[in-house]
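Chain identifiers are assigned alphabetically (A, B, ...) following the order of the sequence lines, protein sequences preceding nucleic acid strands; residue numbering begins at 1 within each chain. Since the model is a prediction, treat every value here as computed from it, not as a measurement.
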Amino acid sequence: MDALLLNRELFIVSVVKALWQNPARTLFALSAISLGIASLVFIVAAIQGSNRQAQSIIQLLGPNSIFVRSGFGDKSSVRRLTYRIDLKDLENLKHIYGIRAASYLLLKQKRISVESEARNAYAVAAARNFLDVFDYRPYKGRFFYPREYSSFPKICIIGTELAKYFFGSSNPLGRKIKVSRTTFTIVGVFAPKGKLPSGKSLDDRLIIPIKSYRKFVEPEYRRIFAIKLKLEPYADYDHVVSMVKQVMAKRHSKDDFVVITPETVRKFLNIFNWTLSLYLGLASLVALFISGFVMSNIFFINVKVRAWEIGIRRAIGATRQAIIWQFVAEALTVSIAGAAAGSIIGFMSIKWITPMLGIPTVYPMKSLVLAIAFSSVTGLLSVLMPARAASRLNMVSALKSRL
Amino acid sequence: MALISLKGIERIFHQGELEIEILKGIDIEIEKGEFIAIMGASGSGKSTLMYIIGCLDSPTSGSYLLDGRDVSSLDDDELSRLRNQRLGFIFQSFYLIPYLNVLENVLIPTLYSPETGNFKDRAGALLKEVDLGERMQFLPSELSGGQKQRVAIVRSLINDPEIVLADEPTGQLDSKSSRQVMEILSRLNRQGKTIILVTHDPETASFANRRIFLQDGRITAQ
Ligand SMILES: Nc1ncnc2c1ncn2[C@@H]1O[C@H](COP(=O)(O)OP(=O)(O)OP(=O)(O)O)[C@@H](O)[C@H]1O
Ligand SMILES: [Mg+2]
């Protein structure tokens with residue numbers, strides 16, 4: 001090795017030219033390893049993406065809160081979405097010890113228009129504490145005054161995306177907007193809330209005080225989509241959750257409601273993540289194993305075809321170790337090139353495939369290090385046996401193999 | 001004391017059940033500075049003997065002293081070092097590495113040498129001496145047979161060995177190139193190198209100072 005290092009330049013030239021000599025073989029080894037690496041990079045991205053998704057769901061729920069969402073009854077009626085929970089449930093849950101505030105989410109998709117421009121969007125009813133419990137923050141203008149919850153003002157606040165859609169960069173405050181046939185005045189814009197895991201934006205909604213909503217938008221509102229509960233800081237979280245389930249169970253079957261807490265989301269996603277990591281990790285290991293196997297075979301072919309070259313190198317003084325180093329260097333060169341190519345392919349598939357899977361698109365920069373490490377290890381392991389075989393060739397028969 | 005001293009060298013090959021005894025007890029002494037030709041018919045074991053002298057193969061029995069040192073006591077790394085530093089090889093089919101240019105081919109033995117130094121200049125000077133100064137960036141495939149063999153000669157000399165072993169160095173060359181190659185070997189011999197030449201061709205062998213003949217695994221005439 002010391003001698004090889006002294007003549008580093010010649011050594012590197014020799015390694016690179018040897019690979020270049022047979023581009024087909026090199027390319028084959030390269031594509032094997034890069035596909036393995038690409039799947040690895042993609043998997044890391046998928047895991048990181050779903051982790052990020054988990055974080056955003058948890059953030060959306062807010063800390064110390066419980067979400068009770070309506071189920072849709074038994075599965076056969078999925079297409080006729082009638083909510084199963086109602087305001088009576090809210091009344092019952094509100095009184096559980098440890099709950100600070102409770103509100104409900106009632107919404108309906110409506111035709112929204114400004115002058116001749118129109119689109120569908122969700123109109124949301126805001127009860128007195130809705131904006132507080134659901135963590136809305138003002139962005140422009142104002143939220144509703146207390147008296148506006150008991151009269152029937154035709155006012156609303158809208159999300160930033162809706163504002164952008166109808167008004168572009170001009171000020172939406174004071175502008176008129178029609179929900180079905182009623183014209184409302186925009187008094188405020190709420191701060192961006194981001195997207196649901198499904199990718200649906202929460203910022204193209206329009207919020208109307210509850211009484212106005214009932215009068216002008218949707219008269220029937222006993223049934224609601226979801227209830228959100230906020231806990232006192234001192235509350236025993238798990239106990240409150242079990243109480244909530246108990247109270248709900250009194251009036252409903254199991255299919256009628258889903259209790260969602262940051263903890264259940266975290267648990268579910270943990271299991272999901274774990275399964276995903278395990279499954280995909282295994283898949284990428286298999287991919288790497290296969291690429292290692294392919295590479296190993298290519299190097300065995302290399303050793304066979306280039307036996308006489310090994311023979312002459314040995315004759316003119318290469319030690320067994322020097323021969324091993326030569327092949328190791330060739331394999332590492334292919335591996336590192338494969339890591340680079342694989343990362344590019346991986347990043348491209350992240351760009352194209354993760355949106356289809358509904359996973360946030362994340363480019364895991366750390367996986368570049370992982371790619372180089374994994375492909376080097378794969379390269380090293382796969383070249384070990386061929387290189388050893390090369391170093392142990394009988395010199396005389398290796399030389400004669402050319403004839 | 002002789003530079004090379006072989007005593008009772010036997011080489012037996014096993015082919016399945018069959019035992020083929022190619023060398024049946026060879027005794028030779030080669031002095032420093034000699035130019036010796038090993039001759040004999042095809043299949044008589046000339047190359048086999050040369051591989052043993054060149055430490056590429058080891059005898060089944062017998063003793064081989066190089067400079068008074070028993071070669072059989074050396075391990076693989078020591079033998080590699082010995083081939084690298086003290087022996088130079090020239091073969092009938094050149095064995096130039098096809099993807100390396102002339103200069104790189106010539107420098108390959110330095111890759112395995114512990115010595116440092118300006119090998120590039122040395123390679124350039126040696127290539128000039130064999131009229132290849134202008135061909136350093138050529139690939140082997142772009143050279144004639146005679147040119148290839150001259151590259152191989154320079155490669156064998158790059159680490160300045162004492163002994164040069166040549167197995168049918170003119171076997172693939174026309175008569176003009178053959179003469180050129182043999183004249184280079186003669187010159188090297190005059191400069192003090194010990195040359196061991198294997199050939200079945202009397203004309204080639206005539207450049208040597210001493211000829212030995214192999215027949216039936218034995219030396220028949222000295
Ligand atoms: N590894 C081996 N196994 C079996 N037989 C072998 C082996 N190597 C050489 N032989 C046999 O030994 C004999 C001598 O071979 P060698 O190459 O030494 O002859 P040579 O004198 O150099 O002939 P040529 O002039 O044709 O090169 C041949 O018959 C060959 O078949
Ligand atoms: Mg021969």
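Contacts with chain A were tallied for B/Leu82, B/Asn159, B/Ile108; B/Ile108 has the most, counting heavy-atom pairs under 4.5 Å.
Taking the side chain as every heavy atom from C-beta outward, A/Leu399 and B/Tyr95 approach each other to under 4.5 Å. Using a 4.5 Å cut-off on side-chain heavy atoms (C-beta onward), B/Tyr99 and A/Glu309 make contact. For the pair B/Tyr112/A/Arg314, no side-chain contact is recorded, criterion being any heavy-atom separation below 4.5 Å from C-beta on. Using a 4.5 Å heavy-atom threshold, the side chains of A/Ile316 and B/Asn84 count as separate.
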Could you pull out all donor-acceptor pairs under 3.5 Å where a side-chain atom in residues 14-21 of chain A meets a protein atom, sequence neighbours excluded?
from, atom 1, to, atom 2, distance (Å)
A/Ser14, OG, A/Arg313, NH2, 2.9
A/Lys17, NZ, B/Glu104, OE1, 2.8
A/Lys17, NZ, B/Glu104, OE2, 3.0

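Within residues 69-80 of chain B, the residues approaching chain A closer than 4.5 Å by heavy atoms are, in numerical order, B/Asp76, B/Asp77, B/Ser80. Residues of residues 23-35 of chain A lying under 4.5 angstrom from chain B, judged on non-hydrogen atoms, do not exist here.
Between A/Trp308 and B/Pro98, the shortest heavy-atom distance links the atoms CH2-CD, 3.7 Å.
Identified under the salt bridge (charged side-chain N to carboxylate O under 4.0 Å, His left out) test for residues 46-62 of chain B, with sequence neighbours left out: B/Arg11-B/Asp57.
Residue-environment remark: CZ (B/Arg81) stays at or below the threshold of 12 foreign heavy atoms within 6.0 Å. Within 6.0 Å of atom CZ in A/Phe293, 12 or fewer heavy atoms from other residues, nucleotides or ligands are found, so the atom counts as exposed in its surroundings. Summarising the local packing, CD of B/Glu134 is surrounded by 12 or fewer heavy atoms from other residues, nucleotides or ligands at distances under 6.0 Å.
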Exercise for the section: Would you check, one step at a time, whether the test side-chain contact (heavy atoms from CB on, under 4.5 Å) holds for B/Phe91 with A/Ile312? Expected result: CA-CA 10 Å; B/Phe91 297 95; A/Ile312 188 66; 3.6 Å; yes

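If you measure heavy-atom distances from B/Ile158 to chain A, you find no contacts under 4.5 Å at all.
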